[in-house]
Amino acid sequence: GNSVTQMEGPVTLSEEAFLTINCTYTATGYPSLFWYVQYPGEGLQLLLKATKADDKGSNKGFEATYRKETTSFHLEKGSVQVSDSAVYFCALSDRGGGADGLTFGKGTHLIIQP
Amino acid sequence: SAVISQKPSRDICQRGTSLTIQCQVDSQVTMMFWYRQQPGQSLTLIATANQGSEATYESGFVIDKFPISRPNLTFSTLTVSNMSPEDSSIYLCSVKFDLTNEKLFFGSGTQLSVL
């Protein structure tokens, strides 16, 4: 079956540091890949997505590239801010047609210190 | 986007009782889903709420334990029946607005603790 594996948290960084949160997946076919973010006290919201190999999703300074050869979708940001502190979830959609839910990783808690 | 309201936001319940969680969207949506997020675990899809018919459950989840209703395009309920401490979790409603867009929108969740 489908699965998503994320690096364990919490990840603690200083402001302006470079961020990488690793995500790898197992899926049949050609999944779409997503990063969702949950800020403290709020619901999950889509951060970025990529729908095919070599696509790069980007939003709010975050980027992730769909790497089919390594089945990865690592999240990166060049200079993090305190406001980026949140829980980040990697997810995939494999069954297509838009009619199904997503498979999520366990989430990575990111803490940015001033 | 839309406003997705979930009620209650949290509850503490006794073993053996049932709790119904409501999800209300302020506009019509195509798909509605219910997820569970157990402590330290990923979000797990419980079921797809189908309008006017029985929900479609994922492996490991059954209707007797998690009955779901979806009477229209903006509202759904999830009931957690005959609760045990293992049901302590965050329950999340999520929606899709159309089948051409895989983006999910989430409610803020219901944090359930079972004593």
So if you build clusters from Ile, Leu, Val, Met, Phe, Trp, Tyr with side-chain heavy-atom gaps below 4.5 Å, do [X] and [Y] land together?
X     : Y     : result
B:I90 : A:L44 : yes
B:I21 : B:Y57 : yes
A:L13 : A:F62 : yes
B:M83 : B:I68 : yes
B:L73 : B:M31 : no

Please indicate whether [X] has more than 12 foreign heavy atoms, meaning atoms of other residues, nucleotides or ligands, lying under 6.0 Å from its [atom1].
X     : atom1 : value
B:I63 : CD1   : yes
A:E42 : CD    : yes
A:Y30 : OH    : no

A:E63: what forms a side-chain contact (heavy atoms from CB on, under 4.5 Å) with it, not counting sequence neighbours?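 With neighbours one apart ignored, the set is A:K56, A:S58.
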
Side chain from CB out, backbone as N, CA, C, O: work out which of these in B:L92 comes under 4.5 Å of a heavy atom of chain A, or both, or neither.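 When you check distances to chain A, only side chain atoms of B:L92 fall under 4.5 Å.
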
For B:Q37, which atoms come within 4.5 Å of any heavy atom of chain A: side chain, backbone, both, or neither?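 Side chain only.
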
Kindly compute the distance separating NZ (A:K49) from CG (B:L104), expressed to the nearest 0.5 Å.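 One gets 10.5 Å once the value is rounded to the nearest 0.5 Å.
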
Do any of residues 76-89 of chain A come closer than 4.5 Å to chain B, heavy atom to heavy atom, and if so which ones, in number order?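 So far as heavy atoms go, A:F89 are the residues that approach chain B to under 4.5 Å.
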
What part of A:T51 is in contact with chain B, defined as an atom under 4.5 angstrom from a non-hydrogen atom: side chain, backbone, both or neither?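 It is the side chain, since no backbone atom gets that close.
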
Among the options A:G41, A:A91, A:S32, pick out the one with the most heavy-atom pairs lying under 4.5 Å from chain B.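 Looking at each of A:G41, A:A91, A:S32 in turn, A:S32 comes out on top.
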
Closest heavy-atom pair and its distance - B:S42, A:G105: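 For B:S42 versus A:G105, the nearest heavy atoms are CB-O, 2.8 Å.
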
Taking all non-hydrogen atoms of both residues, which atom of B:Y35 and which atom of A:L102 are closest, and how far apart?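 Scanning both residues, the minimum pair turns out to be OH-N, 2.6 Å.
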
